[in-house]
Engineer: 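The following block contains the structure, expressed as structure tokens.
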Amino acid sequence: MTPIYFTITSAFILSLTGLAFNRSHLLSALLCLEGMMLSLFLALAIWSLTMSSPSLSLAPMILLTFSACEASSGLALLVAATRTHGTDHLNNLNLLQC
């Protein structure tokens, strides 16, 4: 395994473990999701460069677009939760309450 692939894989696994174990704040969960998307973007960009196919060169940009949409919707949920509940603790958020 080359050092680049090892770095990308370890960044993804670290983000995944951060998402699994740090469930106290919504902002930390969103940052872990962004780290996962960034490592997937880098892996897809490097893979499309090594394959040198023109049809694969658009895939990282599509993933980056979806990542930006995910970030904006996550921040909107964070602002809405902070305004209604006063905090971003995930323990205080209950989906059964309206």
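Since we're looking at a predicted model, the values are computed, not measured. Atom set for the values below is all heavy atoms of this structure, side chains included, hydrogens, waters and symmetry mates excluded.
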Engineer: Using the rule that Ile, Leu, Val, Met, Phe, Trp and Tyr join whenever any side-chain heavy atoms are under 4.5 Å apart, tell me whether M61 and M51 fall into a single cluster.
Structural biologist: yes
Engineer: I need the L14 CG to C32 SG distance, nearest 0.5 Å.
Structural biologist: 9.5 Å
Engineer: To the nearest 0.5 angstrom, please state how far the CG atom of L63 sits from the CG atom of L58.
Structural biologist: 11.5 Å
Engineer: List in chain and number order the residues that pass side chain to side chain contact (heavy atoms under 4.5 Å, CB included) with S15, two or more places apart in sequence or in another chain; answer none if no residue qualifies.
Structural biologist: M36
Engineer: Taking everything shown except I4 itself, do over 12 heavy atoms lie less than 6.0 Å from its CD1?
Structural biologist: no
Engineer: List for me each residue that meets side chain to side chain contact (heavy atoms under 4.5 Å, CB included) alongside L78, sequence neighbours excluded, and say none if there are none.
Structural biologist: L26, L27, L30, L75, T82, D88
Engineer: Please list, chain by chain and in numerical order, all residues satisfying side chain to side chain contact (heavy atoms under 4.5 Å, CB included) with L42, sequence neighbours excluded.
Structural biologist: I8
Engineer: At their closest point, which heavy atom of L19 faces which heavy atom of A29, and how far apart are they?
Structural biologist: CD1-O, 3.7 Å
Engineer: Between A45 and P60, what is the shortest heavy-atom contact and its length?
Structural biologist: CA-CG, 3.7 Å
Engineer: Can you tell me which residue pairs pass the ring pair (Phe, Tyr, Trp, His ring centres under 6.0 Å) test with a partner in residues 26-78, sequence neighbours excluded?
Structural biologist: none
Engineer: Taking only residues two or more places apart in sequence or in another chain, which ones pass side chain to side chain contact (heavy atoms under 4.5 Å, CB included) with S72?
Structural biologist: none
Engineer: Roughly how far apart are L38 CG and L31 CG, rounded to 0.5 Å?
Structural biologist: 12.0 Å
Engineer: Starting at CG of L44, measure out to OG of S39 and round the result to the nearest 0.5 Å.
Structural biologist: 11.0 Å
Engineer: Ring pair (Phe, Tyr, Trp, His ring centres under 6.0 Å): which pairs involve residues 14-40, sequence neighbours left out?
Structural biologist: H25-H89
